[in-house]
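Residues take their numbers from the sequence shown, with the count starting at 1. Just so you know, these numbers use all the heavy atoms, side chains as well, and skip hydrogens, waters and symmetry mates.
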Amino acid sequence: DKILIVENLLSIVDNIIIGGGMAYTFYKALGGEIGNSICENERIDSCLAIMEKAKKTGVRIYLPVDSIIADEFSANAQTKTCQSDKIPNAWMGLDIGEKSRLEFQNVLLNSKTILWNGPMGVFELLPFSEGTKSIAAAVALATKNGAFSLIGGGDSAAAVQKFGFEEQVSYISTGGG
């Protein structure tokens with residue numbers, strides 16, 4: 001459903017950062033190789049429509065340029081960094097890489113209003129927590145610098161709390177649905 005939310009935001013935002021599992025659906029829609037990464041195949045056409053509408057409306061969509069990939073969904077998996085649209089077969093993207101973190105942080109630090117819904121990776125597993133942690137830190141710093149930040153509940157709220165930033169954002173929505 002987050003892909004549908006992205007579509008609705010296109011008329012009111014300047015930038016959209018797409019990380020986590022949703023990014024791989026976008027990359028697959030764009031013809032990228034995503035290995036065993038999570039993908040909502042039924043949303044491929046929606047992703048293409050969103051990219052086209054964003055282009056027409058001047059909204060910049062940021063996808064992670066690099067990913068931390070693993071050979072299995074486990075804290076003990078073998079990991080490496082690779083380009084997000086060139087993930088080898090039998091590997092899966094489980095976090096954003098360093099280049100993506102820096103790019104996303106720059107966007108956040110230049111934003112006046114931030115709505116964050118969804119982690120950048122499997123932050124519950126230590127090898128894949130740095131992307132989400134870095135975004136939480138950037139949102140907290142942007143808030144300190146005057147931005148309004150709304151954390152959209154669920155996993156995002158859990159991540160902000162896990163990393164100790166819950167008092168450094170404007171609002172955390174805990175409502176469901």
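Side chain of Ser67 to main chain of Gly97: no donor-acceptor pair is present (N/O by atom type, distance under 3.5 Å, no hydrogens or angles).
Gln78 CD: 12 or fewer foreign heavy atoms inside a 6.0 Å radius. Shown here is Glu166, whose CD atom has more than 12 heavy atoms of other residues, nucleotides or ligands within 6.0 Å. Residue Lys162 places its NZ atom among more than 12 non-hydrogen atoms of other residues, nucleotides or ligands, all under 6.0 Å distant. Residue-environment remark: CD (Glu42) exceeds the threshold of 12 foreign heavy atoms within 6.0 Å. More than 12 non-hydrogen atoms from other residues, nucleotides or ligands lie less than 6.0 angstrom from CG of Leu150.
Using a 4.5 Å heavy-atom cutoff, the side chains of Ser129 and Phe163 are in contact. Using a 4.5 Å heavy-atom cutoff, the side chains of Leu141 and Leu108 are not in contact. Annotation: side chain of Lys144 is not in contact with side chain of Gln168 (no heavy-atom distance under 4.5 Å). Ile69 places none of its side-chain heavy atoms less than 4.5 Å from the side chain of Ser84. For the pair Asp66 and Ile96, the minimum side-chain heavy-atom distance is 4.5 Å or more. Residues Tyr24 and Ile87 are in side-chain contact: their nearest non-hydrogen atoms beyond the backbone lie under 4.5 Å apart.
To the nearest 0.5 Å, atoms CG (Asn117) and CG (Asp155) are separated by 9.0 Å.
Shortest non-hydrogen contact noted between Ile61 and Ala54 is CD1-CB, 3.6 Å. Considering all non-hydrogen atoms of both residues, Ser134 and Gln105 come closest at CB-NE2, 3.2 Å. The two residues Thr132 and Asp95 make their nearest non-hydrogen contact at N-OD1, 4.0 Å. Of all heavy-atom pairs between Asn41 and Lys28, the closest is OD1-NZ, 2.8 Å.
For Glu72, there are no salt bridge (charged side-chain N to carboxylate O under 4.0 Å, His left out) partners at least two apart in sequence or on another chain.
Geometrically, Arg60 engages Tyr62 in a cation-pi contact defined by less than 6.0 Å to the ring centre and at most 45° from the axis.
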